[in-house]
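Numbering of residues begins at 1 and proceeds along the displayed sequence. Atoms considered below: every heavy atom in the structure, side chains included; atoms not considered: hydrogens, waters and symmetry mates. All values reported here derive from a predicted model rather than from experimental measurement.
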Amino acid sequence: MKADLEAFAALVRSRQAMVYSIAWNYLHDTALAEEIAQEAFLELHRSLPRIESEAHAVHFLRRVAVHRAIDEGRRRRWQSRAGLEDAPEPVAPATVGDPLLDGALRRLVDSLPSRSRMIVVLRYQEDLEPGEIAETLGIPVGTVKSNLHRSLAVLRKRLQSRDGKPAVGVSK
């Protein structure tokens, strides 16, 4: 029993950044990302008797985090937004790139439909291959690839129309 608890604690330590990252990159909300991470690990703990290996546990955690983040994103869309006076003071993260471009790209990605946005997040933020994304979302690899292709085309087009110049890598 103690060995099981130690193994679970080690799994939490080794995978908490992955679970948090999926939720944060999708929602851009620290508190919600932490809550989703807690829910994912609680769900894993409840399901431990059915978990066959560490790889199975990682897949389980990733899948729970993805689906909970999508559900929360849908819920947030229907809730009213807090006023600026209720918002905490922003903390300037250490950035290396162009913060204006990063913000613009984040808003463009956030404008995608929920599944497309999650596919982009999993591919470019979490560095998952299309096969891993397909397995996580429970959809065919071809669907992931075509959705990713369409999403990137939409993002390029929106970026181009935003500044009037061709987006990087887009030919006329």
Side-chain angles (χ1 to χ4, degrees), residues 1-79 82 87-88 90-97 99 102-103 105-110 112-149 151-152 155:
M1 179 75 167
K2 185 177 180 181
D4 289 342
L5 291 176
E6 289 174 4
F8 180 74
L11 186 61
V12 169
R13 280 191 302 276
S14 68
R15 299 302 175 177
Q16 64 188 358
M18 174 198 70
V19 174
Y20 175 84
S21 177
I22 289 169
W24 190 89
N25 282 307
Y26 188 79
L27 298 167
H28 306 293
D29 185 308
T30 302
L32 283 175
E34 289 172 354
E35 187 176 316
I36 287 170
Q38 287 178 341
E39 290 175 11
F41 284 107
L42 180 60
E43 188 67 31
L44 175 67
H45 189 267
R46 288 181 187 139
S47 302
L48 277 178
R50 296 189 313 261
I51 302 298
E52 299 166 1
S53 65
E54 184 174 347
H56 184 205
V58 170
H59 174 72
F60 181 91
L61 285 169
R62 191 176 285 140
R63 191 171 177 97
V64 170
V66 162
H67 289 290
R68 295 278 166 89
I70 289 172
D71 290 345
E72 189 59 42
R74 289 178 181 151
R75 250 191 309 278
R76 282 179 47 186
R77 189 176 306 155
W78 298 109
Q79 293 176 350
V91 177
T95 59
V96 176
D102 290 346
L105 288 174
R106 182 177 301 123
R107 285 188 299 279
L108 287 171
V109 170
D110 287 349
L112 293 171
S114 59
R115 185 169 76 174
S116 298
R117 182 171 40 155
M118 183 55 80
I119 289 171
V120 169
V121 165
L122 291 174
R123 180 66 185 110
Y124 295 105
Q125 292 296 133
E126 299 303 315
D127 202 28
L128 295 182
E129 294 298 322
E132 295 171 304
I133 296 169
E135 188 177 337
T136 300
L137 294 175
I139 58 177
V141 175
T143 301
V144 170
K145 289 179 179 180
S146 64
N147 199 299
L148 191 56
H149 180 75
S151 295
L152 293 177
L155 292 173

What heavy-atom pair brings [X] and [Y] nearest, and what distance separates the two atoms?
X	Y	result
Phe8	Phe41	CZ-O, 3.5 Å
His45	Leu5	NE2-CD2, 4.4 Å
Pro130	Val141	CB-CG1, 4.3 Å
Ala40	Phe60	O-CE2, 4.5 Å

Euclidean distance, [Y] [atom2] relative to [X] [atom1], rounded to 0.5 Å:
X	Y	atom1	atom2	value
Leu108	Arg117	CG	CZ	12.5 Å
Glu132	Arg123	CD	CZ	9.0 Å
Thr30	Glu35	OG1	CD	12.5 Å
Glu72	Tyr26	CD	OH	10.5 Å
His28	Asp110	NE2	CG	4.0 Å
Arg68	Leu32	CZ	CG	13.0 Å

Starting from the C-alpha separation in whole Å, work towards a yes-or-no answer on side chain to side chain contact (heavy atoms under 4.5 Å, CB included) for Arg74 and Asp71.
CA-CA 5 Å; Arg74 289 178 181 151; Asp71 290 345; 4.0 Å; yes
One pair to check against side chain to side chain contact (heavy atoms under 4.5 Å, CB included): Tyr124 and Leu105. What are the steps and the verdict?
CA-CA 12 Å; Tyr124 295 105; Leu105 288 174; over 6 Å; no
Whether the Ser21 and Glu126 side chains hold a donor-acceptor pair (N or O, under 3.5 Å, no angle test) is what I'd like checked.
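Yes, side-chain donor-acceptor contact under 3.5 Å.
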Could you go step by step and tell me if Ile119 and Ile139 meet the side chain to side chain contact (heavy atoms under 4.5 Å, CB included) rule?
CA-CA 11 Å; Ile119 289 171; Ile139 58 177; 4.2 Å; yes
Can you list every side-chain hydrogen bond (donor to acceptor under 3.5 Å, both in side chains) pair that touches residues 136-148, not counting sequence neighbours?
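For residues 136-148: Ser116-Asn147, Asn147-Ser151.
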May I have all residue pairs that pass salt bridge (Lys or Arg N to Asp or Glu O under 4.0 Å) and include part of residues 54-64, sequence neighbours excluded?
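Only Arg15-Glu54 qualify under salt bridge (Lys or Arg N to Asp or Glu O under 4.0 Å).
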Show your reasoning for whether side chain to side chain contact (heavy atoms under 4.5 Å, CB included) applies to Ile36 and Ile22.
CA-CA 10 Å; Ile36 287 170; Ile22 289 169; over 6 Å; no
With sequence neighbours excluded, tell me which residues meet salt bridge (Lys or Arg N to Asp or Glu O under 4.0 Å) with Arg46.
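Scan of Arg46 (salt bridge (Lys or Arg N to Asp or Glu O under 4.0 Å), adjacent residues dropped) gives Glu43.
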State which residue, out of Val58, Val64, Leu61, Val12, fulfils the side-chain contact (heavy atoms from CB on, under 4.5 Å) condition with Leu44.
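Only one option passes, and that is Leu61.
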